[in-house]
Amino acid sequence: MNKIEAIIRPERVDKVKDALAAGGFAGLNVVNVVGRGTQKGVVYQGRAGEKYTVDMLPKTKLELVVADADTDKAVDIIIAAARTDNIGDGKIFISPVTQVVRVRTGDRGDGAL
Amino acid sequence: MNKIEAIIRPERVDKVKDALAAGGFAGLNVVNVVGRGTQKGVVYQGRAGEKYTVDMLPKTKLELVVADADTDKAVDIIIAAARTDNIGDGKIFISPVTQVVRVRTGDRGDGAL
Amino acid sequence: MNKIEAIIRPERVDKVKDALAAGGFAGLNVVNVVGRGTQKGVVYQGRAGEKYTVDMLPKTKLELVVADADTDKAVDIIIAAARTDNIGDGKIFISPVTQVVRVRTGDRGDGAL
Amino acid sequence: MPEISGGDTAWVLVSAALVLLMTPALGFFYGGMVRHKNVVSLILQTFIIVGVISVSWVLWGYSLAFGPDKWGIIGGLDWVGLRGVGMEAGPYSDTIPHQAFMIFQAMFAIITPALIVGAFAERIKFKTLLIFTVLWSTFVYSPIAHWVWGVGGWLGNYGALDFAGGTVVHISSGVAALAAILVMRKRLGFGRDAMEPHNVPFIVLGAALLWFGWFGFNAGSSLAADGLAANAFVVTNTAAAMGALTWMTMTWCLGGRPSAVGAASGAVAGLVAITPAAGFVGPVSAILIGLGAGAFCYLACRLRAKLKLDDSLDVWGVHGVGGTWGAIATGLFATAAIGGTDGLFYGNTSQLWTQLAAVGVTWAFSFTMTIIILKVLDWTVGLTVNEEEENRGLDLSQHGEAGYRL
Amino acid sequence: MPEISGGDTAWVLVSAALVLLMTPALGFFYGGMVRHKNVVSLILQTFIIVGVISVSWVLWGYSLAFGPDKWGIIGGLDWVGLRGVGMEAGPYSDTIPHQAFMIFQAMFAIITPALIVGAFAERIKFKTLLIFTVLWSTFVYSPIAHWVWGVGGWLGNYGALDFAGGTVVHISSGVAALAAILVMRKRLGFGRDAMEPHNVPFIVLGAALLWFGWFGFNAGSSLAADGLAANAFVVTNTAAAMGALTWMTMTWCLGGRPSAVGAASGAVAGLVAITPAAGFVGPVSAILIGLGAGAFCYLACRLRAKLKLDDSLDVWGVHGVGGTWGAIATGLFATAAIGGTDGLFYGNTSQLWTQLAAVGVTWAFSFTMTIIILKVLDWTVGLTVNEEEENRGLDLSQHGEAGYRL
Amino acid sequence: MPEISGGDTAWVLVSAALVLLMTPALGFFYGGMVRHKNVVSLILQTFIIVGVISVSWVLWGYSLAFGPDKWGIIGGLDWVGLRGVGMEAGPYSDTIPHQAFMIFQAMFAIITPALIVGAFAERIKFKTLLIFTVLWSTFVYSPIAHWVWGVGGWLGNYGALDFAGGTVVHISSGVAALAAILVMRKRLGFGRDAMEPHNVPFIVLGAALLWFGWFGFNAGSSLAADGLAANAFVVTNTAAAMGALTWMTMTWCLGGRPSAVGAASGAVAGLVAITPAAGFVGPVSAILIGLGAGAFCYLACRLRAKLKLDDSLDVWGVHGVGGTWGAIATGLFATAAIGGTDGLFYGNTSQLWTQLAAVGVTWAFSFTMTIIILKVLDWTVGLTVNEEEENRGLDLSQHGEAGYRL
Ligand SMILES: Nc1ncnc2c1ncn2[C@@H]1O[C@H](COP(=O)(O)OP(=O)(O)O)[C@@H](O)[C@H]1O
Ligand SMILES: Nc1ncnc2c1ncn2[C@@H]1O[C@H](COP(=O)(O)OP(=O)(O)O)[C@@H](O)[C@H]1O
Ligand SMILES: Nc1ncnc2c1ncn2[C@@H]1O[C@H](COP(=O)(O)OP(=O)(O)O)[C@@H](O)[C@H]1O
C-alpha cells in the first residue's frame, strides 16, 4: 500500500475530495498546513503600507492510503482536480505503507482500507 | 523502526494516550484532522431544519515512532483503548522509518527514540 | 527521496526555516502538533493554585522531502538551528518517499522537488 | 414653551448610543453565522454602513425623511446638511434638542440597510454593496420613514401605528432581503454543503448586544424618560425572552436538540415583533407576541429552506416575517390605556385593517424598489463575486485580510 | 405627591439595561473559562436564563418578591402578571414608574440563578438546569429578596443593610453553588487533567462587561440620579480596581506570574464585595473592601481546590465568600454621613451583629433549599450527562453545535 | 444655588460608565492586532491599567489634576484620598455631584496611559509597564490635565480650547508613544516578518465599543444633558464615520483592497480628531475633520513604517497625529454659535495660534518627560523582555496563560 500526501490549494479541496469519491476513494484525511515551495512568496502589504514577502502560505494537505494498484489512478484524479496551472498548485508525495489496521474490527491488510 | 499513524475518535484520545504511556510508549504527537472513511457520513440538521450529509468528520491523529519489535504491541494497545465497535472507530497505518535523530544530542538510531 | 519530519520547539521555527532556505531547502510544510516525549511533562499551576502535570506540550512539525543525497545536510541544518541543549528539543524522523509529483505540471521524480 | 429636559435628553442620547451599538452587534450576529472565510466581510459590511449612512443622513437623508413635508410622501431639502437642525427643540419633541432627535433617527437609518446584508452574505461584491446602501437608504428608507413618522407623512396620518420601526425598519429590510435573493445567484454549494456557523459565541454576543441596544431602540422611541418608556422597556424585554424560549423549544422538538443559535435568533425575532407594538401593548400581550415571533419566524426560515431560497442568514424569515407579525399584533393587542389606541382584542377592529394596509404598502414598495435598484446594479457594476473569489472567501479575495491567525 | 422624574427614570432604565447585559457577559466570563467543547453550553445556559426568568418574573416572581407583604416572609399574589404594576410611581419609589422599578429588579432576579451555573459547568443536563432555575428562583430568590428588600420583609425590618444585593444575589447564589457541588458528581478527570480556560480574551470581555454593567447594578440601586448614586458608582469602581490588583498580585506572589484570569476574577470579587456596601461606605473604605475581596476570594478558591471540591468556575469562592465579606464589611465600614447608618469602625457595634445574622440566615436558607431542590431533581430527571456525552462535550452532545469551526 | 440635576447627573454617570468601557475595548482593539501569542498580554495590560489608575486617581491623581490650583501648574494635595470630594456639587459643575465629575475624569485618566501600551506592544516587561503607568500618570497626565482643565490651569487660562481631551488625552499619549519607541528596542523580526493582526473581529469589536464609549467621552464632557451634549454627540458620530470611510478608501486606492482594519483604525482616528472640537464645531465641519483625520493618520502610519520605527500599533500615527490635527482643526472650524468661540474660518485668527501653542507645549512636555521616565526605568528594572521570552510570546512567558486552546 502507499500513502499519498497531496499538498494543494485550500480552495480546491472540495473539488479534489469530490473527484476522489467519484473515483472510489472514500477514505482520506485533511489537515491545514502552511507551506513554502519554489514559488518565491507573495508580496503583501501590511497595515501601514509596508511591503512584506510572505513565503509561508496556507495550504491543505490530503492524506490517503491506497492499494499499490490504485496509486496512479488516485494521483491522476488529484492532479486533474487540483491543477490551475499557476505557481503554488502544490506537490504530491508517495511513500510506502506496510500495514493497515481497522480499529473497529482489528482487521489488517488491504481489506481494511 | 516504524511510524504508527492512528486515526481515532477525538473523545478517545485521553484513554489511548494513557494506555500507551502505561505500555511504555511515552513519545507521540497528536494532531486534529478531518477525515472521511467508508462510513457514509452523518446526517445533520441545519439551522433552518434542512438536512445535510456531512462526510468529513473531526478525528484525531496520533503519530508515534516505535522500534520494529514494539510495533504490534503498540498497535494492540491502541486498538484496545480506541475501539467502540461502532463505525467511525478509525484506522491505523504503519510505515517504515529509516532513521531517527534526537535534536538535543544529535544521537541517531533506536536509542534516540 | 526521503521525508524528513522534524518536531521542534515552536519558538525555533523561524530560525530553522531561515537556515533551511539558506541551505537551499525551500520546500517544506509546517504544522502545529502537541507532543509528549521522554521529558516528564511540565508542572503547571491551575487557576486556583492546584498543581497539574501537563505531559502534552505544543510543538511544531516541519515536513520536507529531499533527495537522498541531501538528507544528511538538511538534518544537520535543522539540528544546528533547533538545538537549545535542553530537554524538549525534539526529534527528527526520516522515512522513504518513492515518488513525488508536481501538480502544476504533472512532472515526477527528483526534478519535481 | 417647554424647556429642554435634562432627563429626556439624557435618555434619548443614551438611547442613540445604544442603537448605534446595534449595528456592529449585528456584524457579530451575522459574522458568527457565516463560514470563517467570510467573517471579516460581514463585520466590515455592517461596520462601514455605519460610516456611509452617518454621513449621508447628515447630508440629505434626514431632510428627506423628516424635513418639511411635500405632498405627504417625502421631506423637502430644507434641512440638507442639517441646516436649521440645532441645539434647541425641533418639531418632533419639545423637550429634547432637535439634534438629539436627528441622531437618534440616524441610528435607525443605519441599522436598516445593515440588516439586509445577511441576505446576500458570502457572495456580494463589496463595491456593489456600498452603492446599494446609499441608493436603498435614499430611495426606500427615507420615503418609508417619512410616510410613517414624518410630520405630514401619509401613513402616519392614515393612522398606522409603528412605535419604533416594525414597518419602517424590519418589514422594509426583510422584504428587501427577499427581493434581493430573487435577483441574485445562490452561494456555490448551497443546498449541498453544510454551511454551519463558524463562531457560535459571536452569534450570542451579537444577539446579547442587540437585545441591550434594543432598549434604546424601543424605549428611546418614547422620546422621553417617562412611564411610556418604562412600558416599552418592559415589553421589549419580555417579548425577546419569550421569542428566545419559543425558538429554542422549536429546535428542541423539531430538531432534536435545544440550539444556542436558535435561542439567539428567537430573541431577535421577539425583539423585531415587539418593535412596532412597544408603546401600545402590555406585558402579557408581549408574552404572546414573543411566542408568535419565535414560532412564526422559525417556521418561515424552514419554509425558506424548503423553497431552496438562499437568504443566507434568514433576514426575510426574521425581519420580514417578524416585522409583519409585529405590525399585525399591534393591531390586535394595542390598548388605549397604554398608547391611546385600542386594537382588535380591545374592541377596535378598524386598527387591524389600518395595520394590514400599512404592511401591504411597505411590502410592495420595498420589494419593487429593491428589485429595480439591484437590476440596475446588476447591469452596471455586477452583483456577486466570481467563483474563484467566493471559494477563497470574501475576506481574502475582497479585503486581503484573514479573520483569524491562530 | 412628587412627580415622575425624567432624570431618575432615565437613570434607572439605563441601569436596568446595564444589568441585563451582565448576564450574557457572565456567559462569556464563564464560557471562556471552560474547555472549548463546552463553550456553547455555558453561553446558552446563561442566555436562556435571561429568557426564563424574564417571563417568570413578570408572571409571578415579582409579585412574590415585592408584592404586598404576607407575614414578613413573602409577597402576595396580587401583582401576578404585573396586574397593577403600571406606568405611575409605585411603593418603591416616588420618582420613577413602578414598571421601571420592576424591570430593574427583574435583571437582578435573572443574574442570580445564572451565577450558579458556573458551579456545575461542563456536566449538568440542560433540561435539569431549566427546571432548577425556575424552582430556585421561585423558592429561594423571591423569598430572600422579599425578606431584605420587600416592603415589610423581616430582614429589612430587622435592620440588615444590603444596598444592591450582597446577601440577596451573591450569598444566595454562592452558597447554592456550594450546596450543588456537594450533591453532584465531579467532572470526569477532575484533579488529574488540566482544565484550563480555552479563551482568555472572552473571560476578560465578560469581566469588562460585568464591570460596566455593575455600575447599573450598584449605582442604579439608589433609584435616583443623585449624590448617593454617584457615591455608589465611585466605590464600585474603586473596589473592582483594588480587587483586580490584589488577586493578580496574589497569583504573582504565590503562583509565579501575574495572571489575566486572576485580574478578571479579582475585579469580579471586588464588585461582589462592594455590592451590599455601595450606598454606605466611602472610597477609602472601598479600597480596603476590594483588597479584602481579592485576598479572601483567592484564598477561598485555593482552599476549594485543596478540598478537591469541583466548583468548576469557583462560584462559591467568588460570590459566596465575596458576598459574605461584603456583608460583614458593610457592618464595619458603613458611615452615617453617606447612607445614614454607622458601622463598627464608626462606633456602631450592633450593625455588625445584624449583618452577621443576615448572612447566617441567608447561608442556611439557600443551602438547605438548594439541596432539597437538587435532590428532587436527582430522583426525577437526573442531574448530570453521561460519560460519553461529557467526553464529547456538552456543545455537541446537548446542543448539536460546535463552538468554533475555524 | 442651583440644585443637583437628575438629568445631568444621569448623563454624566452614564458617560463615565461608557468611558470606563473604552479601556477594555482598547484591549480588544490592540489585542486583535498583535500576534496570537501576545493577545493576553495586551488585554491584561489595558485591563490592569484600569485597576492601577482607578486607585491612584482616588488617592492622589485627582487632587493633583483638579485640586485647588498651585501657581497655575498643578493641583494641590487638599483632595488626596478624595477628602472633601463629596455627594454635593463641586467647583466644576453646579448641577452634578462632585464625585460624579471626579469619576468621569477618572475614566480619562485611565484610558490615556492605556493608549500608550500599543507603542511597545509585544515586547515590554509587565512590571516595567506597571511602574511606568503610575509615574507617567502622576508626572505627565495630571499636570497636563491641570493646565488645560483645572481651575486656574495656565493653558486653560491662556485660552486653549480642548473640549474633551485632544491635547490632554491624545497628544499626550501619542507623543509619549513616539518617545517610547525611540528609547526602546524594536520587536525581533520587525521589518522582515509579517506581523499581521491575529483576530480581525476583535479589532472591530474594540473599535465599535470605543465608538460607543466615545459618546460618553465627548458628549459627556458637556457635563450636562443639553443641546451642547447633543451637538457633541452628533459631530462625534459624524467624524468617526468619515474617518472610517476615508481610511478604508485610502487602503483601497493605495493598497488595492478595502481593509476592515483600516476602517476600524479610521473610525478611531476620526474620533480622536473630533475630541477637542466636539463642543465647538458643527456637523459639516465634522465631516471635514473626519476626512482629514482618516487621511493624515493613514499617511502618518505609512511614514512611520517608512522610517522603520516600531510603534507596534501606531499610537503616534493615530493619537499623536489625530490629536494634533483635531487641536488645530478646533482653531480652524470653531464657531461661536456653538461653543462661544470662533476659529480661523469664522474670522478669529488668534485662536489658531493659541491652539498651536497648546499643541507645541503638550508635545514638548510629554516627549521630554516620557524619555526621562523610561530612561530611569531602563537603568533600573529594564524595559523589554529577553529574546527567548519574546519568541515564545508574552502570554506564556509573562503570564503563563495561552490566549486560546481551541
Ligand atoms: N520539498 C518539499 N517538501 C515538502 N513540501 C513541499 C516541498 N516543496 C513544496 N512543498 C509544498 O508544496 C507547496 C507548493 O509548492 P510550490 O513549489 O509552490 O508548487 P509549484 O509546484 O507550483 O511550484 C508548498 O507550499 C509546500 O507546502
Ligand atoms: N484510505 C484512507 N486513508 C487515510 N485515512 C483514512 C482512510 N480510510 C479511513 N481513513 C480515516 O479513518 C477514519 C475512520 O474511517 P472509517 O472508514 O469511518 O472507519 P471504520 O473502519 O470504522 O469504517 C476516517 O474518518 C479517516 O480519517
Ligand atoms: N517516539 C516518538 N514518536 C513520535 N514523536 C515523538 C516520539 N518521541 C518524541 N516525540 C516528539 O518529540 C518531542 C520532543 O521529545 P522529547 O523526548 O521531549 O525530546 P528530548 O529528545 O529533548 O528528550 C515530543 O514532544 C514529541 O512531539
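Hydrogens, waters and symmetry mates are skipped; everything else that's a heavy atom, side chains included, is used. Quantities reported herein were computed from a predicted structural model and do not represent experimental measurements. Letters A, B, ... mirror the listed sequences (proteins, then strands); counts begin at 1.
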Is there side-chain contact between [X] and [Y], with heavy atoms separated by less than 4.5 Å?
{"X": "C/I8", "Y": "C/D89", "result": "no"}
{"X": "B/V65", "Y": "C/K91", "result": "no"}
{"X": "C/V31", "Y": "C/T60", "result": "no"}

Run the numbers on B/K59 and B/V34 for side chain to side chain contact (heavy atoms under 4.5 Å, CB included), then give the verdict. CA-CA 5 Å; B/K59 299 276 169 188; B/V34 285; over 6 Å; no

Could you have a look at B/K3, B/M1, B/K17 and say which one has the most heavy-atom pairs with chain C under 4.5 angstrom?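 Most pairs with chain C among the choices: B/K17.
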
Considering only heavy atoms, give the residues of residues 74-85 of chain B separated from chain C by less than 4.5 Å, sorted numerically, with 'none' for an empty result.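 Contacts with chain C: none.
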
Quick one: what part of B/L62 sits under 4.5 Å from any heavy atom of chain C, side chain, backbone, both or neither?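 When you check distances to chain C, no heavy atom of B/L62 falls under 4.5 Å.
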
Non-hydrogen atoms of [X] and [Y] that approach each other most closely:
{"X": "C/N86", "Y": "C/R9", "answer": "O-NH2, 3.3 Å"}
{"X": "C/G37", "Y": "B/A26", "answer": "O-CB, 3.6 Å"}
{"X": "B/I92", "Y": "B/A6", "answer": "CG1-CB, 4.0 Å"}

Could you walk me through whether C/V66 and C/I4 pass side chain to side chain contact (heavy atoms under 4.5 Å, CB included), step by step? CA-CA 8 Å; C/V66 299; C/I4 302 175; 3.8 Å; yes

Spacing of B/K61 atom NZ and B/L28 atom CG [to the nearest 0.5 Å]: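 If we round to the nearest 0.5 Å, B/K61:NZ and B/L28:CG are 13.0 Å apart.
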
Within this structure, what is the CG-CG distance for the pair B/L64 and B/L20, rounded to the nearest 0.5 Å?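 Between atom CG of B/L64 and atom CG of B/L20 there are 6.0 Å.
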
Heavy-atom contacts under 4.5 Å, residues 93-110 of chain C to chain B: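 When heavy atoms of chain B are the reference, residues 93-110 of chain C contributes C/F93, C/I94, C/S95, C/P96 within the under-4.5 Å range.
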
